[in-house]
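If you read the sequence from its start, that first residue is 1, and numbering goes on from there. Counting starts at 1 for both ligands and their atoms, following the listed order. Side-chain atoms are counted along with the backbone in the values below, which use heavy atoms only and exclude waters and symmetry mates.
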Amino acid sequence: MLGRLATYFSNDIAIDLGTANTLVYLKGSGIVLNEPSVVAIDQKTKKVYAVGAEAKAMIGKTPDHIAAVRPMKDGVIADFEITEVMLREFIKRSQRKRLFIRPRIVISVPSGITEVERRAVTDSAQNAGAREVYLVAEPIAAAIGVGLPVDKPSGNMVIDIGGGTTEIAVIALNGIVTDISIRVAGDEMDEAIVQHIKKAYNLLIGDQTAEHVKMVIGSATKLKNDEEMEIKGRDLVSGIPKILRISSSEIREALAETITQIVVAVKTALEQTPPELAADIVDRGIVMMGGGSLLRGFDILLKEETNLPINIVEDPLTCVVLGSGKILGNLHQYERIIMKSSRF
Ligand SMILES: Nc1ncnc2c1ncn2[C@@H]1O[C@H](COP(=O)(O)OP(=O)(O)OP(=O)(O)O)[C@@H](O)[C@H]1O
Ligand SMILES: [Mg+2]
């Protein structure tokens with residue numbers, strides 16, 4: 001009874017502070033916030049205009065003095081002050097209004113994060129209102145989120161392709177056995193599309209347009225039928241806005257190099273995996289998650305390249321925060337997987 005009451009009044013939260021999206025899980029309630037990691041800010045006065053979806057809609061469209069900023073880059077904090085502003089706002093939005101106790105917060109971070117980066121996340125969350133901060137590695141949180149038996153001696157391989165990082169990890173006995181984290185993921189795919197359109201057509205398109213193209217006609221393998229779509233940008237020669245038709249096959253080619261880097265990283269991780277655990281992976285296959293895993297045909301390509309069963313999880317965009325939420329719900333049981341920071 002007391003336990004249930006404590007859960008009811010708890011304002012403890014788990015946060016997936018992602019390069020592209022931030023999600024918040026409130027203990028006892030589930031996911032209460034899912035917003036793009038974007039802040040619109042006046043560069044001179046530092047006045048904050050919008051945070052989250054509203055700010056993302058402003059990217060590339062703001063007047064000179066206002067900037068729509070993504071404070072996270074490659075999975076880590078690129079702008080400390082703006083990350084703090086964003087966290088404070090998201091924490092505020094996710095709290096029950098009547099409570100004033102500072103929350104305990106579990107935050108997931110890339111496994112390859114440096115001590116300095118770790119400290120930055122911890123400080124940022126504390127300045128934004130956290131009473132205590134616990135860091136967990138994203139691949140473990142993701143594995144727990146999808147219900148993999150991480151505490152058993154068998155190996156589980158997860159691939160999380162996000163906006164800023166791709167993390168490939170083999171997890172066994174609550175720890176990460178093999179771990180490769182590269183700063184190549186969805187953002188690089190968008191950038192590859194921007195560069196292709198610029199080089200092939202002298203047309204400048206925005207990141208948002210590139211992301212849209214990737215989601216609509218982008219693919220990692222050949223599609224059954226070639227698809228086309230119209231895009232708008234600015235002609236670099238005349239300076240005038242222009243409409244262009246592009247095809248799925250050229251976008252596939254534009255994405256090929258980025259995708260190859262991810263495939264190579266997966267193969268390297270497999271090579272580095274101890275044989276007994278590799279045998280488990282042959283049996284159980286690999287699970288894929290993160291928004292980047294939704295690129296069409298990515299699972300098929302990985303299957304072809306590795307000859308292993310590949311499964312995209314049911315909730316690729318939420319499993320990290322759901323796992324962090326489970327950890328938050330039982331901090332004692334998961335004690336061993338909380339990252340050690342020199343601060344505690
Ligand atoms: N249907 C789709 N096809 C291709 N890419 C997609 C699709 N849906 C989302 N994405 C991409 O997924 C990325 C965001 O994924 P996710 O929310 O998992 O990243 P994140 O957790 O914020 O980033 P990170 O973990 O790297 O810090 C973006 O690059 C987005 O463009
Ligand atoms: Mg992520």
Side-chain angles (χ1 to χ4, degrees), residues 14-25 31 33-38 52-53 56 59 70-78 83 86-87 90 107-113 117 121 135-146 158-169 180-194 206-221 223 227 229 248 251-252 254-255 258-259 262 265 287-301 312-324:
I15 303 181
D16 173 5
L17 182 60
T19 310
N21 301 297
T22 297
L23 289 85
V24 180
Y25 177 106
I31 298 171
L33 181 137
N34 182 352
E35 297 265 354
S37 308
V38 186
K56 183 173 181 183
I59 288 183
R70 294 178 55 186
M72 305 287 296
K73 196 175 175 347
D74 300 332
V76 294
I77 294 177
T83 300
M86 185 175 82
L87 269 179
F90 287 161
I107 303 188
S108 53
V109 291
S111 50
I113 189 171
E117 289 164 343
V121 175
L135 303 184
V136 294
E138 274 165 2
I140 298 192
I144 291 173
V146 299
V158 298
I159 305 176
D160 179 356
I161 308 168
T165 53
T166 295
E167 301 223 41
I168 305 138
I180 296 209
S181 172
I182 56 167
R183 299 187 169 194
V184 175
D187 287 347
E188 259 71 17
M189 297 182 202
D190 302 347
E191 183 56 28
I193 293 173
V194 170
D207 294 344
Q208 299 254 72
T209 301
E211 183 183 33
H212 186 61
V213 168
K214 171 182 74 176
M215 290 177 172
V216 177
I217 61 166
S219 70
T221 49
L223 299 178
E227 294 173 22
M229 73 181 281
S248 56
I251 295 305
R252 179 163 40 82
L255 294 175
T258 310
I259 286 168
I262 295 174
V287 292
M288 262 180 111
M289 58 205 48
S293 67
L294 295 172
L295 181 75
R296 278 194 282 175
F298 213 155
D299 51 338
I300 297 168
L301 180 74
I312 302 175
V313 304
E314 233 168 77
D315 43 8
L317 292 160
T318 54
C319 58
V320 170
V321 83
L322 289 176
S324 303

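The shortest N/O to N/O separation between Asp160 and ligand 1 does not fall below 3.5 Å. No N or O atom of Leu317 sits closer than 3.5 Å to an N or O atom of ligand 1. The shortest N or O to N or O distance between Gly291 and ligand 1 is under 3.5 Å. When only interatomic distances are considered, the shortest N/O to N/O separation between Thr19 and ligand 1 falls below 3.5 Å. Considering both main-chain and side-chain atoms, Gly163 comes within under 3.5 Å of ligand 1 through a nitrogen or oxygen pair. Considering both main-chain and side-chain atoms, Asp190 never comes within under 3.5 Å of ligand 1 through any nitrogen or oxygen pair.
Under a 4.0 Å heavy-atom criterion, Gly75 is in contact with ligand 1. A heavy-atom separation below 4.0 Å is found between Gly292 and ligand 1.
The closest donor-acceptor contact from the side chain of Thr22 to the backbone of Ser37 lies at 3.5 Å or more, if one exists at all. In this structure, the side chain of Glu35 engages the main chain of Ala53 through a donor-acceptor pair within 3.5 Å. For Glu138 (side chain) and Val320 (main-chain N/O), no donor-acceptor pair under 3.5 Å exists by modelled atom type. Within the 3.5 Å criterion, the main-chain N or O of Lys56 finds a donor-acceptor partner in the side chain of Gln208.
Listed by number with element, the atoms of ligand 1 under 4.0 Å from a non-hydrogen atom of Gly186 are 29 (O). Which parts of ligand 1 touch Gly18 is read off a 4.0 Å heavy-atom cut-off, strictly below it: atoms 20 (P), 21 (O), 22 (O), 27 (O). Remark: ligand 1 atoms within the under-4.0 Å shell around heavy atoms of Glu211 are 28 (C), 30 (C), 31 (O). Every atom of ligand 1 with a heavy atom of Gly164 under 4.0 Å away is listed here by number and element: 23 (O), 24 (P), 26 (O). Shown in contact with Gly290 at under 4.0 Å from a heavy atom are these atoms of ligand 1, numbered in order with element: 18 (O).
In terms of protein heavy-atom proximity, atom 17 (O) of ligand 1 is nearest to Asn21 ND2, 2.8 Å. Closest to atom 8 (N) of ligand 1, if we only count protein heavy atoms, is Met215 CE, 3.4 Å. For atom 2 (C) of ligand 1, the closest non-hydrogen atom of the protein is Leu294 CB, 3.5 Å. Given atom 14 (C) of ligand 1, the protein heavy atom at minimum distance is Ala20 CB, 3.6 Å.
More than 12 heavy atoms of other residues, nucleotides or ligands shown are found within 6.0 angstrom of CG on Asn34.
Of the listed residues (Lys214, Lys73, Arg70), just one forms a salt bridge (Lys or Arg N to Asp or Glu O under 4.0 Å) with Asp187, and that residue is Arg70.
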Test side-chain contact (heavy atoms from CB on, under 4.5 Å) on Ile262 and Val184; report intermediate values, then the result. CA-CA 7 Å; Ile262 295 174; Val184 175; 4.3 Å; yes
Please test Val194 against Asp190 for side-chain contact (heavy atoms from CB on, under 4.5 Å), starting from the C-alpha separation and ending with a verdict. CA-CA 6 Å; Val194 170; Asp190 302 347; 5.6 Å; no
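Heavy atoms only, all atoms of each residue included: Ser248 and Ile217 are closest at CB-O, 3.4 Å. Residues Thr258 and Ala192 come closest through the heavy atom pair OG1-CB, 4.0 Å.
Counting heavy atoms closer than 4.0 Å to ligand 1, residue Arg296 contributes nothing at all.
A salt bridge is defined here as a Lys NZ or Arg NE, NH1 or NH2 lying under 4.0 Å from an Asp or Glu carboxylate O, and Glu117 with Arg183 meets this definition.
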